[in-house]
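These notes concern the structure reproduced below.
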Amino acid sequence: MEIRTRIAPSPTGKLHLGTARTALFNFLFTRKNGGKFIFRIEDTDVERSKKSFETDMFEGLDWLGVNWNEPKNKEVYRQSERLDLYQKYFKELQKSGFVYECFCTPAELAQERKQMQQAGQIPQYSGHCKDLSEDEKTELRKTKKSAWRLDVKKIAQLKNLPQILKFKDLVHGEIKKNINEIGDFVIIKSDGASIFFFAGVVDDAEMKISHVIRGEDHISNTFSQLILFKALDLPVPQFAHIPLILEKDRSKMSKRKGGHSRIFDLRLAGYLPQGLLNFMALLGWSPKDDREFLSLSEIIESFDLKGIKKSASIFDDDKLNYLNGLWIRHLDDEELLNQFLGWVEWLKQHGEDYSRFSEADKEYLLKCIAICKTRMATLRDFLAADYLLVDPKVDPHLLVFRKSSPEATKNGLEKIKLALENYQGDWEVEPIFNLLSEIVEKKHLANGDVFWPMRVALSGKEGSPSPQELAWVLGQSETIKRIDQAISLL
RNA sequence: GCCGCUAUCGUCUAAUGGCUAGGACGCCACCCUCUCACGGUGGUAAUUGGGGUUCGAAUCCCCAUAGCGGUACCA
């Protein structure tokens, strides 16, 4: 049988980290084993679904490189466009007598649940409307709209379902539940829309999904869906419930908490798709050896559902930063710069303008990024290197190294200036460094009165690349100009 | 409350009955060094508790505890 997986988010918020990781695992599984990965939007809840969230999800997954095979051309399936299909299956359930109308109001249902809970029972629907007569129903229809519930007992009887429902989860092993604990749940709301249990089951069957890989918050739903599959005589897919990603305080990652729970925010923060992908893959999965720095193809190569951990994991910014920094250093300068410029372009669409960078000379930026990359954890860190593009603001106090004096500093800078003005050799990092060392040696100066003030004169920063690297990027005349400006401050 | 899932350093994880419980992040120290980084070396730190099974348990079983999830005419 062909392997077919899917990601089926509802567009009620921006692409969530958890959803993206679920998508990634589905994608990895299909890529590893050969198959098709399908994107389906579950927008049956018209009230909360928004087109803009859909767009955010496409863009997010596309950016990560988690591509789907169906539908083609980056289209998606939408449940809102498949309503006829659900109708068809619903009619089938009606014909079998597996559904009944329910006229109970939300208030009545809540009251019922509360009572059962207080009695220490499992809160489930009492079956209040199950045995209404035709006359009663006709009467009720005059004033009320009805929802449709599944008659679980009847299905169990007619389809010979066991008392203990079970399924073999590919991550957790066998999971069981007593069928008595499942009440008659609603599959069609009173407004006529199908709810997710139902539409999802129909779609998974119609799309011939072989493996349902999803968050473990769906474990309890699985039993309801199992009943639905049986009621409709549809083939049951395999299930794999992957552990959740938790906040630092162990609570479920929520859309409201901000921080790094949304892919959009992580992209905004300047993470590389490679770094984020690497990090996400390692949340709940490992290649079973000591490798951690992994490319997508390496992850695909080692991926196995059996290697997925059962327990939830906590999102750790430190590790993400580390991995992302590793990727930044690993990419060659040109690739890194291209990613950076693409990101700046993207930022502009979202209200942040750094045209200073997008308009700068590319060859020049290439040098800048080369000397800055060991100091970057995210692309955003490169934004702080704008002193390479405009004159820095230099604090005169910062020019003086530790316990040195303004006089010694000024002396050092003047010696450098003189040497640079007379310098005629190659303008490369190594010779510039040699020149500075020579000054220290011949003029009997301290390193701190040469390297430090020159570096601050060029960058204005307490921490930055070395003076020889900065000088190399800035060029001879700009370097001399900035040193001269610093001297005038002392 | 009820049902389900889970439990290894602070965090991500390895070790599916057998070396001193391994690696990574973080943190600390040292080296490199004008600085901040990068890099290198070393250190810190864990099997939730209690019972079993076994020659032997992080690993299997039971109980407790804790965390998470579900308990909707949300998905």
Side-chain angles (χ1 to χ4, degrees), chain A residues 8-12 42-45 47-49 102 104-106 109-110 113-114 116-125 145-149 169 171-172 175-178 181-183 185-193 195-197 199-200 215-223 241 243-244 246 248 250-252 279 282-293 306 309-323 325 329 372-377 381 398 401-402 404 412 436 440 446-456 459 461-467:
Chain A
S10 52
T12 53
E42 305 214 329
D43 54 353
T44 50
D45 186 349
E47 296 268 309
R48 297 196 299 151
S49 295
C102 174
C104 297
T105 63
L109 293 169
R113 270 197 302 274
K114 203 174 151 195
M116 295 185 107
Q117 201 184 96
Q118 277 167 355
Q121 290 170 312
I122 299 149
Q124 54 174 242
Y125 185 59
K145 285 198 164 184
S146 64
W148 288 84
R149 288 182 184 273
D169 189 276
V171 171
H172 295 270
I175 303 180
K176 295 181 251 189
K177 190 163 195 152
N178 194 317
E181 290 162 10
I182 299 161
F185 54 95
V186 170
I187 60 163
I188 301 286
K189 293 188 265 187
S190 53
D191 65 3
I195 88 158
F196 126 97
F197 291 107
E216 70 175 2
D217 46 344
H218 286 291
I219 289 181
S220 359
N221 297 335
T222 309
F223 295 99
H241 289 95
L244 266 23
L246 270 27
K248 275 154 282 279
R250 297 203 154 271
S251 64
K252 189 181 179 182
F279 174 74
L282 258 19
L283 242 32
W285 174 84
S286 92
K288 306 291 169 203
D289 50 38
D290 288 343
R291 285 138 70 223
E292 283 201 321
F293 182 63
K306 286 194 205 87
K309 239 188 39 149
K310 293 178 186 174
S311 55
S313 33
I314 294 169
F315 181 96
D316 182 21
D317 300 88
D318 283 329
K319 190 107 186 194
L320 172 59
N321 286 334
Y322 166 76
L323 242 21
R329 274 165 259 136
C372 289
K373 67 199 283 192
T374 61
R375 261 156 286 259
M376 292 164 60
D381 292 332
L398 194 60
F401 184 62
R402 288 185 189 155
S404 187
L436 295 177
V440 169
N447 275 337
D449 286 328
V450 174
F451 288 88
W452 173 274
M454 173 165 166
R455 199 179 53 69
V456 174
S459 69
K461 301 265 182 196
E462 204 169 339
S464 84
S466 66

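Atoms considered below: every heavy atom in the structure, side chains included; atoms not considered: hydrogens, waters and symmetry mates. Keep in mind that what you see is a predicted model, and the values were worked out from it rather than measured. Each chain gets a letter, A, B and so on, in the order its sequence line appears, and its residues count up from 1.
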Exercise. Do other residues, nucleotides or ligands put more than 12 heavy atoms under 6.0 Å from the NZ atom of A:Lys176?
Worked result: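 Incorrect, the count does not exceed 12.
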Exercise. Is it the case that more than 12 heavy atoms not belonging to A:Lys248 sit under 6.0 Å from its NZ atom?
Worked result: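 Above 12, so yes.
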Exercise. By centroid distance (under 5.5 Å) and plane angle (under 30°), are A:Phe451 and B:C34 in a stacked arrangement?
Worked result: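 So A:Phe451 counts as stacking on the base.
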Is there a side-chain contact between [X] and the phosphate of [N], meaning an N or O under 4.0 Å from OP1 or OP2?
X: A:His172; N: B:U6; result: yes
X: A:Lys189; N: B:A75; result: yes
X: A:Ser466; N: B:C34; result: no
X: A:Arg375; N: B:C38; result: no
X: A:Ser286; N: B:A14; result: yes
X: A:Arg402; N: B:C34; result: no
X: A:Lys309; N: B:U13; result: yes

The side chain of [X] is closest to which nucleotide in this list: [options]?
X: A:Glu181; options: B:C3, B:G23, B:C34; value: B:C3
X: A:Asn447; options: B:A72, B:C34, B:A75; value: B:C34
X: A:Leu282; options: B:C12, B:A37, B:U35; value: B:C12
X: A:Thr44; options: B:G4, B:A75, B:C38; value: B:A75
X: A:Arg455; options: B:C3, B:U35, B:C12; value: B:U35
X: A:Val186; options: B:C73, B:G1, B:U11; value: B:C73
X: A:Lys319; options: B:U6, B:C25, B:C68; value: B:C25
X: A:Arg48; options: B:A75, B:U13, B:G70; value: B:A75
X: A:Asp318; options: B:G26, B:G1, B:A72; value: B:G26
X: A:Leu244; options: B:C5, B:G69, B:G1; value: B:G69

For this session: Send over the distance from A:Leu246 CG to B:U6 P, rounded to a whole Å.
Result: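 About 15 Å, once rounded to whole Å.
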For this session: Send over the distance from A:His218 NE2 to B:C3 C1', rounded to a whole Å.
Result: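 Nearest whole value for this atom pair: 18 Å.
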Hey, is the main chain of [Y] close enough, under 3.5 Å, to the side chain of [X] for a donor-acceptor pair?
X: A:Arg455; Y: A:Glu462; result: yes
X: A:Thr222; Y: A:His218; result: yes
X: A:Trp148; Y: A:Gly192; result: no
X: A:His241; Y: A:His172; result: no

Under 4.0 Å between any heavy atoms, over every strand shown, what does [X] touch: base, sugar-phosphate, or nothing? Just pick one.
X: A:His241; result: nothing
X: A:Phe401; result: sugar-phosphate
X: A:Glu216; result: sugar-phosphate
X: A:Ser311; result: sugar-phosphate
X: A:Asp449; result: nothing
X: A:Glu42; result: sugar-phosphate
X: A:Cys372; result: nothing
X: A:Pro123; result: base
X: A:Leu436; result: nothing
X: A:Pro467; result: base

Quick one: look up who [N] pairs with, Watson-Crick or G-U, both distances under 3.5 Å, and put none if it's unpaired.
N: B:C5; answer: B:G67
N: B:G42; answer: B:C28
N: B:C73; answer: none
N: B:A21; answer: none
N: B:U59; answer: none
N: B:U16; answer: none

For nucleotides [N] and [M], find the distance between their [atom1] atoms and express it as a whole number of Å.
N: B:G69; M: B:C74; atom1: C1'; value: 15 Å
N: B:U44; M: B:U59; atom1: C1'; value: 26 Å
N: B:U35; M: B:A29; atom1: P; value: 16 Å
N: B:A45; M: B:U20; atom1: C1'; value: 16 Å
N: B:A57; M: B:G52; atom1: P; value: 12 Å
N: B:G22; M: B:U8; atom1: C1'; value: 12 Å
N: B:A7; M: B:A46; atom1: C1'; value: 12 Å
N: B:C9; M: B:A21; atom1: C1'; value: 11 Å

Exercise. Would the A:Tyr322 and A:Phe279 ring centres measure less than 6.0 Å apart?
Worked result: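 They do not qualify: ring centres at least 6.0 Å apart.
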Exercise. Is the glycosidic angle of B:C5 within 90° of 0, making it syn, or outside that range, making it anti?
Worked result: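 Anti, which is what one calls it when the glycosidic angle falls more than 90° from 0.
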Exercise. Closest heavy-atom contact between A:Tyr125 and A:Cys104?
Worked result: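 Looks like OH-SG, 3.2 Å.
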For this session: Could you tell me which non-hydrogen atom of A:Pro243 sits nearest to which non-hydrogen atom of A:Ser311, and how far apart they are?
Result: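 In this case the closest contact between A:Pro243 and A:Ser311 is CB-O, 3.2 Å.
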Determine whether a donor-acceptor pair (one donor, one acceptor, N or O, separation below 3.5 Å) exists between the side chain of [X] and the base of [N].
X: A:Arg329; N: B:C38; result: no
X: A:Lys288; N: B:A15; result: no
X: A:Ser190; N: B:C73; result: yes

Exercise. Start at the 5' end of RNA chain B and walk down; is the nucleotide closest to A:Ser220 or to A:Ser146 reached first?
Worked result: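 Closest to the 5' end, via its nearest nucleotide, is A:Ser220.
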Exercise. Between A:Ile219 and A:Ala312, who's closer to the 5' end of RNA chain B by nearest nucleotide?
Worked result: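 Its nearest nucleotide being more 5', the pick is A:Ile219.
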Exercise. Side chain to side chain contact (heavy atoms under 4.5 Å, CB included) with A:Glu216: which of A:Leu244, A:Val171, A:Asp169?
Worked result: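 That would be A:Leu244.
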